[in-house]
> 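Encoded as structure tokens, here's the structure I'll be asking about.
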Number of protein chains: 2
Amino acid sequence: MPSQTPDREIKDRASPFRSKEERALDRDQKREAVLRAAVRMFNARGFHATSLDDVAASLNISKPTIYYYLGNKDQVLLECVTRGLGELAEAAERVREAEGSGLDRLRAFLLLYAKVNMDDFGRCVVRTGDEYLVPKNAAQFRTLKRRIDGVLRTMIAEGIRDGSISDGDVKMIAFTLAGALNWPARWHDPAGPDSPDQIASSMVEILTAGLAPRAGRASD
Amino acid sequence: MPSQTPDREIKDRASPFRSKEERALDRDQKREAVLRAAVRMFNARGFHATSLDDVAASLNISKPTIYYYLGNKDQVLLECVTRGLGELAEAAERVREAEGSGLDRLRAFLLLYAKVNMDDFGRCVVRTGDEYLVPKNAAQFRTLKRRIDGVLRTMIAEGIRDGSISDGDVKMIAFTLAGALNWPARWHDPAGPDSPDQIASSMVEILTAGLAPRAGRASD
DNA sequence: TATGCAATCTACTCATGAGTAGGAAAATTG
DNA sequence: CAATTTTCCTACTCATGAGTAGATTGCATA
């Protein structure tokens, strides 16, 4: 007599019949794959130079399937940059709980910031100007970016207050740091010899120490 | 009796009849105006989002006139970035003759570099990716950029050699500096309160000194 | 005065690419 | 099995924008 209440522990992986949850997962994975393919192409060719037909072709699907999963091109871009900014927000959250001097915490944040800027969605954030989005979406984009900038400025201000960062114009320091660490989004080649980790720590070190030699570390 | 050999000294400014040179000048000015209008629009809206019809309309001319003066859209963009890179090369040239330590010279160059990145053509260089140009033009663009990067690296290496710059990975230092100073091309508003001069010197100061406080300058 | 060149325009062509209509095949559910 | 939902496709429409053809106007020079 076949069981009417099938044991949830026994999962026949090879079964062609998927449960509701499994199918939802499946759907999510497809959605994810489409988004990933889109952001990669946007990064490689630029948003305007990328057609959704191209994105679709790279996945062996048709354009309407992209609309089915993600909506129109503007929504696709918005989701890409929102993801990237989400990763940055998460980095900020993780550092919020960290301890150490203001400079220590800032450095920790900058390392994460730099690394996000070298992954698919982070790169997209850097490469996308507000001009690319329709006004409504652009406003949201700016809001999220402003929030990250706010976190950065707060950290700098805290470091100045506790003396671990030398005094200066907080806004200008923030722009300088962000600019330096955004730039790899433009030149870094994931297939190249330098890992994002190396690049990030190298740059943060340079920014912390400055160009001029420090008294404490005589070079010869 | 009217003079058969008119006095070259007497120039009737209000004359509707222009000499050959005057008309050539006229032409150059028009060409210049078209190029300037184009680069401004590229910077404001992005290259792909700018139509040559829009550029033409902003000057009260028609699209074929742009083709008459500048050629196709790709050539327009190439000329814009070539101008910007030319300004950078000129900056490098000016610094080559300067004296002082490696750091002094580097700082002088960085100041000029930053300022170029806030003018029309410099901004265009920063905002334009190779992907925007047809392969042939992209190759030329890359060559010119590499040349500037070479100058920057040479200066850093000289500073390290003479001890005015602390030792480190030259390539990474160059990218860090360039990134920080390129970024204003994205956010600087010429109509805003901060002048390019102020921004440039502020950023160069931050990059030179680094975030961490220096022993010599106790803050309190 | 005729001929040519310089500077522009109007009015196209043509390709590309966003977005949609409508349907079909599979899976799911009643 | 019938009805419904999910997933995906073919085959459009339609706007935009690059680039061109060919005419026009007017000054310039032989």
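Letters go in sequence order (proteins before strands), and every chain restarts at 1.
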> Whole angstrom is fine here: how far is it from CZ in B:Arg27 over to C1' in D:dC27?
15 Å
> Return the set of residues passing side-chain hydrogen bond (donor to acceptor under 3.5 Å, both in side chains) with B:Ser195 (not counting sequence neighbours), or none when no residue passes.
B:Gln198
> Scan for side-chain hydrogen bond (donor to acceptor under 3.5 Å, both in side chains) pairs involving residues 102-121 of chain A, sequence neighbours excluded, and state none if there are none.
A:Arg36-A:Asp120, A:Arg40-A:Asp120, A:Ser101-A:Asp104, A:Arg107-A:Glu205, A:Arg107-A:Thr208, A:Tyr113-A:Asn182, A:Lys115-A:Asp197
> Hey, can you pull the residues of residues 129-136 of chain A with a non-hydrogen atom under 4.0 angstrom from DNA chain C?
none
> So, does B:Thr65 get its side chain near the phosphate of C:dC9, meaning an N or O under 4.0 Å from OP1 or OP2?
yes
> Listed by chain and number, what are the side-chain hydrogen bond (donor to acceptor under 3.5 Å, both in side chains) partners of A:Glu90, not counting sequence neighbours?
none
> Rounded to the Å, how far apart are A:Leu59 CG and D:dT7 P?
16 Å
> Which whole-number value in Å describes the distance from A:Tyr68 OH to C:dG22 C1'?
16 Å
> Does B:Thr154 have any side-chain hydrogen bond (donor to acceptor under 3.5 Å, both in side chains) partners at least two apart in sequence or in another chain, and if so, which?
none
> Got a sec, which residues hit side-chain hydrogen bond (donor to acceptor under 3.5 Å, both in side chains) with A:Glu97, two or more places apart in sequence or on another chain?
none
> In whole angstrom, give the distance that lies between atom NZ of A:Lys30 and atom C1' of D:dC8.
9 Å
> Do any of residues 31-44 of chain A sit with a heavy atom less than 4.0 Å from DNA chain C, and if so which?
none
> Once side-chain contact (heavy atoms from CB on, under 4.5 Å) is applied, do any residues pair with B:Ala49, and if so which ones, sequence neighbours excluded?
A:His48, B:Arg45
> With ring pair (Phe, Tyr, Trp, His ring centres under 6.0 Å) as the rule and sequence neighbours excluded, what pairs involving residues 50-76 of chain A come up?
none
> What's the CG-P distance between B:Asn60 and C:dC9, to the nearest Å?
9 Å
> Which residues satisfy the salt bridge (charged side-chain N to carboxylate O under 4.0 Å, His left out) test with A:Asp149, sequence neighbours excluded?
A:Arg153
> On the ring face of A:Phe141, is A:Lys145 found with NZ or CZ under 6.0 Å from the centre and within 45° of the axis?
yes
> Taking atom C1' of D:dT7 as reference, at what distance in whole Å does atom CD of A:Gln29 sit?
16 Å
> State which residues pass salt bridge (charged side-chain N to carboxylate O under 4.0 Å, His left out) with B:Arg127; sequence neighbours excluded, sorted by chain then number.
A:Glu131
> From CG of B:Leu70 over to P of C:dT8, roughly how many Å is that when rounded to an integer?
12 Å
> Would you give a per-nucleotide map of nucleotides 12-21 of chain C, 5' to 3', where B means the base has a protein non-hydrogen atom under 4.0 Å away, S means only the sugar-phosphate does, and - means neither?
-----SBBB-
> Measure the acute angle between the ring planes of B:Trp183 and A:Trp183, then classify it against the limits of 30° and 60° as parallel, tilted or perpendicular.
perpendicular
